[in-house]
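Below, all heavy atoms of this structure are taken into account, side chains as well, without hydrogens, waters or symmetry copies.
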Amino acid sequence: MEATHWSLGVTGAMLVLLLGLGLSLQLGWRRDQARWPHHALFFAVCAGTALTALLAWRAGGRGWALLPALALLLSMPATKPGRAGHWRLALLGAAAFVLGGVLIR
């Protein structure tokens with residue numbers, strides 16, 4: 001389960017960076033320079049969430065606990081950036097990730 005916890009921690013840290021960068025974009029602080037890192041972090045968080053779920057499942061843990069967070073993350077492109085639905089879905093996905101991280105143990 002050590003690899004699962006390491007993966008969960010790294011993915012959680014990337015998620016915090018993603019939310020912070022998204023907030024800076026939402027507030028208009030760094031509109032042009034921060035778009036591609038935001039997208040790169042988004043893909044890394046999606047991949048990290050899937051990897052953590054797989055590692056937990058292989059270690060006999062509750063890998064399914066992160067699947068709602070992954071589903072919410074993957075539905076993000078359906079929302080328009082800058083609109084309330086986008087940041088609300090991001091916060092809901094982060095909450096699902098935290099809950100999944102607690103349940104995965």
Notebook entry, point to check: Taking atom CG of Leu55 and atom NE2 of His5, what is their separation to the nearest 0.5 Å?
Noted result: 11.0 Å
Item checked: side-chain contact (heavy atoms from CB on, under 4.5 Å) partners for Val16, two or more places apart -> none
Checklist line | Whichever hydrophobic residues join Leu99 through chains of side-chain contacts under 4.5 Å | finding: Leu103
Margin query: Please enumerate all residues that pass side chain to side chain donor-acceptor pair (under 3.5 Å) together with Thr49, with sequence neighbours excluded.
Written below: none
Next item on the list: Would you please name every residue forming a side-chain contact (heavy atoms from CB on, under 4.5 Å) with Ala90, sequence neighbours left out?
Entry: Leu19, Met76
Next item on the list: Mind checking side chain to side chain donor-acceptor pair (under 3.5 Å) for Ser75 and listing every partner two or more places apart, or none if nothing turns up?
Entry: none
Margin query: Between Leu74 and Cys46, is there a side-chain heavy-atom distance shorter than 4.5 Å?
Written below: yes
Notebook entry, point to check: So which heavy atom on Arg62 is nearest to which on Ile104, and how close?
Noted result: O-CG1, 3.5 Å
Margin query: Could you work out, with side-chain contact (heavy atoms from CB on, under 4.5 Å) as the rule, every residue matching Leu41, not counting sequence neighbours?
Written below: Met14, Leu17, Leu18, Leu21
Check: Could you state the interatomic distance from NE2 (His39) to CZ (Phe43), rounded to the nearest 0.5 Å?
Finding: 7.5 Å
Note to self: Once rounded to the nearest 0.5 Å, what's the spacing between atom OG1 of Thr52 and atom CG of Leu66?
What the structure shows: 6.5 Å
Next item on the list: Could you tell me the separation between the CG atom of Leu91 and the CG atom of Leu23, rounded to the nearest 0.5 Å?
Entry: 9.0 Å
Next item on the list: Taking the side chain as every heavy atom from C-beta outward, state whether Phe42 and Pro77 have any pair of such atoms under 4.5 Å apart.
Entry: yes
Notebook entry, point to check: What's the shortest heavy-atom distance between Ala69 and Gly93, and which atoms?
Noted result: CB-O, 3.9 Å
Check: side-chain hydrogen bond (donor to acceptor under 3.5 Å, both in side chains): which pairs involve residues 87-101, sequence neighbours left out?
Finding: none
Check: What's the shortest heavy-atom distance between Gly63 and Ala56, and which atoms?
Finding: CA-CB, 3.8 Å
Next item on the list: Mind listing the closest non-hydrogen atom pair of Ala59 and Thr4 along with its distance?
Entry: CB-OG1, 4.4 Å
Check: Under 4.5 Å between side-chain heavy atoms, hopping through other hydrophobics if needed: is there a path connecting Leu72 to Val45?
Finding: yes
Notebook entry, point to check: How far apart are the closest heavy atoms of Ala94 and Leu15, and which atoms are they?
Noted result: CA-CD2, 3.9 Å
Margin query: Please evaluate residues Leu73 and Leu89 with respect to the criterion side chain to side chain contact (heavy atoms under 4.5 Å, CB included), reporting the C-alpha separation (whole Å), side-chain torsions for both, the decisive distance (0.1 Å), and the verdict.
Written below: CA-CA 8 Å; Leu73 284 168; Leu89 189 59; over 6 Å; no
Note to self: Do Leu67 and Leu8 land in one hydrophobic cluster if side-chain heavy atoms of ILVMFWY residues count as linked below 4.5 Å?
What the structure shows: no
Check: Does Leu54 have any side-chain contact (heavy atoms from CB on, under 4.5 Å) partners at least two apart in sequence or in another chain, and if so, which?
Finding: Trp57, Arg58
Notebook entry, point to check: Less than 4.5 Å apart, any side-chain heavy atom of Thr11 and any of Phe97?
Noted result: yes
